[in-house]
Amino acid sequence: MHSLSIAEIIDKLRKKEFSSQEITQFFLKRIQQNDQKYNSFISLCEEQALTQARAADANLAAQTAPSALCGVPIAHKDIFCTEGLRTTCGSRMLQNFNPPYNATVVENFLSAGAVTLGKTNMDEFAMGSSNETSYFGAVKNPWDLRCVPGGSSGGSAAAVAARLVPGATATDTGGSIRQPAALCGITGIKPTYGRVSRWGMIAFASSLDQAGVMARDARDAALLLSTMASHDHRDSTSMDRPREDYSRQLDKPISELRIGIPKEYFDQGLNAGTEKAVQEAISSLTKLGAKTHAISLPHTHLAVPAYYVIAPAECSTNLSRFDGVRYGHRCENPKDLLDLYKRSRGEGFGAEVKRRILVGTYALSSGYYDAYYRKAQQVRRLIKQDFVDAFKEVDMIVGPTCPSPAFEFGAKGDDPVAMYLEDIYTIAANLAGLPAMSIPCGLVDNKPVGLQLIGNYFAEGSLLNAAHQFQCHTDFHTQTPKDLT
Ligand code: GLN
């Protein structure tokens with residue numbers, strides 16, 4: 001049963017080959033039996049899941065046209081608030097936080113009848129590219145347990161890769177959907193900024209954060225995204241656009257598709273095996289009729305430096321609410337108010353989060369704001385303009401998702417800059433607010449490689465279609481880690 005796609009689960013639920021309660025129980029048990037190996041979940045919610053599954057079964061029996069995901073079990077990244085279910089954001093700070101409400105994303109899945117199995121592990125406050133910063137321990141890559149799954153949505157990625165769950169939500173501020181999707185050999189999409197509501201999603205860097213989905217293939221990702229993406233008046237940056245059924249946009253030939261290959265994405269930092277797999281994937285796209293164009297995104301080298309000013313600046317203000325009074329962990333027996341603030345924050349946050357708060361506070365402080373924050377925003381504008389210019393010539397931009405396959409634990413632990421360079425190909429799409437996805441396109445040393453597709457604003461449908469066409473003619477997305485039981 002674990003090898004079924006979401007599309008197949010939907011079909012079998014309709015045909016009554018199994019009930020939602022049966023498939024929910026199956027996956028809960030599978031997680032309980034296997035997740036010690038991966039540590040991909042922080043919390044499971046068996047009782048709630050079974051109640052939701054029972055309701056879904058009743059709807060499936062009573063309704064002539066239940067919503068597509070009715071009865072389908074999924075997991076949420078532990079960054080989305082879930083009513084009455086602990087939401088930690090991977091941090092000691094929120095170790096005991098039980099939200100009184102659901103994030104809009106969670107609500108959208110619940111009202112479609114999907115079943116929540118639990119909450120997935122992640123880098124603390126979504127800061128990281130390896131899942132090593134989680135207070136709840138690192139997540140292991142199902143393809144090689146000595147290696148990282150990527151981050152920050154490593155729990156969701158590993159859970160889907162190990163087939164512990166058919167699909168999961170995730171978030172992407174600088175690559176946290178695409179990079180772990182690439183490293184775990186699954187499909188992930190980050191939509192256009194504003195397409196999915198951020199309400200109830202714990203904020204890291206608000207002008208960059210965007211929620212999306214992870215699944216085994218583009219068809220499943222389309223099903224999930226169609227349910228997830230909606231306008232939300234509670235999020236002022238949510239775009240007022242009608243819902244879309246992305247599943248209906250998957251049958252277009254790509255013979256007219258113009259794909260741009262940015263020369264900056266094939267620089268000397270790119271692993272040779274990764275480059276080969278990506279080049280072969282591009283050839284497969286051209287065999288399907290797509291036409292390649294050499295393009296340039298000249299400000300690519302400035303994306304990582306600009307991001308590491310803007311994201312920490314925004315995180316330093318967003319995380320100021322966690323002070324032990326308004327939100328979060330409170331230290332024992334404080335001497336006075338200042339001691340309470342200092343020790344609560346000192347104990348509640350891990351090293352990477354503290355580093356970002358320090359950098360961000362510095363960049364925003366008077367006298368430095370113009371030199372750093374304003375400058376970074378100006379650079380961001382140039383990066384966006386590169387894409388606007390490129391999309392005059394091409395419909396989609398294609399390249400690697402990450403510079404190399406999954407690395408070993410500790411490999412970049414002492415060197416934050418080496419870790420930050422993991423996102424060198426993913427960050428620009430966040431700075432520009434563009435939709436982008438990663439799909440599996442090969443193995444190097446038995447570890448997956450991701451192909452990145454970046455689309456124009458609100459072109460999620462064409463991205464998913466191109467990915468689906470690729471997946472109809474290749475089988476990388478069906479491969480699983482060797483020792484999967
Ligand atoms: N790895 C990047 C960071 O640490 C991106 C994280 C994310 O997208 N949430 O900031």
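Predicted, not measured: the structure shown is a model, and the values here were computed from it.
Among all heavy-atom pairs drawn from M228 and A211, the shortest one is CE-CB, 3.8 Å. Of all heavy-atom pairs between Q179 and C402, the closest is CG-SG, 3.4 Å. Heavy-atom minimum distance, N318 versus S206: ND2-OG, 3.0 Å. Contact detail for V213 and A221: the closest heavy-atom pair is CG2-O, 3.7 Å. Scanning all heavy atoms of the two residues, the minimum distance from A218 to H468 falls at CB-N, 3.7 Å. Residue G346 comes nearest to K354 through the heavy atom pair O-NZ, 2.8 Å, listed as atom of the first residue, atom of the second, then distance.
Ion pair D232/R234 flagged as a salt bridge, since at least one NZ, NE, NH1 or NH2 atom sits closer than 4.0 Å to an Asp/Glu carboxylate oxygen. For R343 and E332, the salt-bridge test fails: no basic side-chain N is under 4.0 Å from an acidic carboxylate O. Looking at R198 and D209, no side-chain N of the basic residue comes within less than 4.0 Å of a carboxylate O on the acidic one, giving no salt bridge. Checked for salt-bridge contact, D339 and K342 miss the test: no charged N lies under 4.0 Å from a carboxylate O. Between K375 and D370 there is no salt bridge, since none of the side-chain N atoms of the basic residue sits less than 4.0 Å from a carboxylate O of the acidic one. Using a 4.0 Å cut-off between charged nitrogen and carboxylate oxygen, D172 and K190 do not count as a salt-bridge pair.
Looking only at atom types and distance, the side chain of H477 has no donor-acceptor partner in the side chain of D217 under 3.5 Å away. Donor-acceptor pairing under 3.5 Å is recorded for the side chains of S134 and N121. Using modelled atom types, one finds a donor on one side chain and an acceptor on the other under 3.5 Å when comparing Q249 with E244. With no hydrogens or angles considered, a side-chain donor-acceptor pair links N102 and E107 at under 3.5 Å. Judged by distance alone, the side chains of S91 and E124 do bring a donor and an acceptor atom under 3.5 Å apart. Side chain to side chain, T82 and K119 meet the donor-acceptor criterion of an N or O pair below 3.5 Å. Using modelled atom types and a 3.5 Å distance limit, the side chains of Y135 and D123 yield no donor-acceptor pair. With no hydrogens or angles considered, a side-chain donor-acceptor pair links S129 and D423 at under 3.5 Å. At a cut-off of 3.5 Å, with distance as the only test, a side-chain donor of E314 or S207 sits close to an acceptor on the other residue. When only modelled atom types and interatomic distance are considered, T227 and N108 share no side-chain donor-acceptor pair under 3.5 Å.
At least one donor-acceptor pair under 3.5 Å links the side chain of R380 to the backbone N or O of L431. Within the 3.5 Å criterion, the main-chain N or O of L297 finds a donor-acceptor partner in the side chain of T300. The main-chain N or O of F136 is found under 3.5 Å from a side-chain atom of N39 such that the two form a donor-acceptor pair. Distance alone, capped at 3.5 Å, is enough to place a donor-acceptor pair between the S344 side chain and the C331 backbone. Listed for the E132 side chain is a donor-acceptor partner under 3.5 Å among the backbone atoms of G410.
Residue-environment remark: OH (Y327) stays at or below the threshold of 12 foreign heavy atoms within 6.0 Å. Residue R381 places its CZ atom among 12 or fewer non-hydrogen atoms of other residues, nucleotides or ligands, all under 6.0 Å distant. Within a 6.0 Å sphere centred on OH of Y368, heavy atoms belonging to other residues, nucleotides or ligands number 12 at most. Within a 6.0 Å radius of CG in D415, other residues, nucleotides and ligands contribute more than 12 heavy atoms. Dense packing is recorded around CG of D389, with more than 12 heavy atoms of other residues, nucleotides or ligands lying under 6.0 Å away.
The aromatic ring centres of W199 and F80 sit 6.0 Å or more apart. The distance between the ring centers of F125 and F322 falls below 6.0 angstrom. Aromatic pair F349/H329: centroids not less than 6.0 angstrom apart.
From N271, atom CG reaches atom NZ of K276 across 11.5 Å, with rounding to the nearest 0.5 Å. For the atom pair OG1 of T401 and CD1 of I424, the computed distance is 13.5 Å after rounding to the nearest 0.5 Å. Within the model, atoms CD of Q452 and SG of C441 stand 11.5 Å from one another, a figure rounded to the nearest 0.5 Å. Between the CG atom of L364 and the CD1 atom of I310 there is a distance of 10.5 Å, given to the nearest 0.5 Å. Here C89 contributes atom SG and M201 contributes atom CE; the two are 9.0 Å apart, rounded to the nearest 0.5 Å. Atom OG of S153 is separated from atom NZ of K77 by 3.0 Å, given to the nearest 0.5 angstrom.
For the pair M127/L319, a side-chain contact is recorded, criterion being any heavy-atom separation below 4.5 Å from C-beta on. No side-chain heavy atom of V278 sits under 4.5 Å from any side-chain heavy atom of Y265. S130 is not listed as a side-chain neighbour of K412, based on a closest heavy-atom distance of 4.5 Å or more. Looking at I427 and V304, their side chains come closer than 4.5 Å, going by heavy atoms from C-beta outward. Between C184 and N141 there is a side-chain heavy-atom pair separated by less than 4.5 Å. Within the 4.5 Å cutoff, the side chain of E408 has no heavy atoms near those of the V148 side chain. Side-chain contact check for I397 versus P262: some heavy-atom pair is nearer than 4.5 Å. Taking 4.5 Å as the limit, some side-chain heavy atom of M214 sits within range of a side-chain heavy atom of P180.
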Intermediate values then yes/no, salt bridge (Lys or Arg N to Asp or Glu O under 4.0 Å), R146 and D144: CA-CA 5 Å; R146 294 165 306 173; D144 184 339; 2.9 Å; yes

List the steps and the verdict of side-chain contact (heavy atoms from CB on, under 4.5 Å) for I79 and F204. CA-CA 10 Å; I79 197 169; F204 162 14; 5.6 Å; no

Show your working on side-chain contact (heavy atoms from CB on, under 4.5 Å) between T361 and S316 and close with a plain yes or no. CA-CA 6 Å; T361 308; S316 76; 3.6 Å; yes

Criterion side-chain contact (heavy atoms from CB on, under 4.5 Å) on L224 and F109, from CA distance to verdict: CA-CA 8 Å; L224 295 172; F109 281 108; 3.9 Å; yes

Stepwise, does the side-chain contact (heavy atoms from CB on, under 4.5 Å) test hold for I31 with L44? CA-CA 9 Å; I31 297 167; L44 273 189; 3.9 Å; yes

Checking side-chain hydrogen bond (donor to acceptor under 3.5 Å, both in side chains) for the pair T171/Q210: CA distance, chi angles, key distance, verdict? CA-CA 6 Å; T171 63; Q210 184 59 198; over 6 Å; no

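Below 30°, between 30° and 60°, or above 60°: for Y372 and Y362 the angle between ring planes is between 30° and 60°, a tilted geometry. Using cut-offs of 30° and 60° for the angle between ring planes, the F387 and F391 rings count as parallel.
D395 pairs with exactly one of R258, H293, K291 by the side chain to side chain donor-acceptor pair (under 3.5 Å) rule, that one being R258.
Within the cation-pi definition used here (under 6.0 Å to the ring centroid, within 45° of the axis), R195 does not qualify as a partner of F458.
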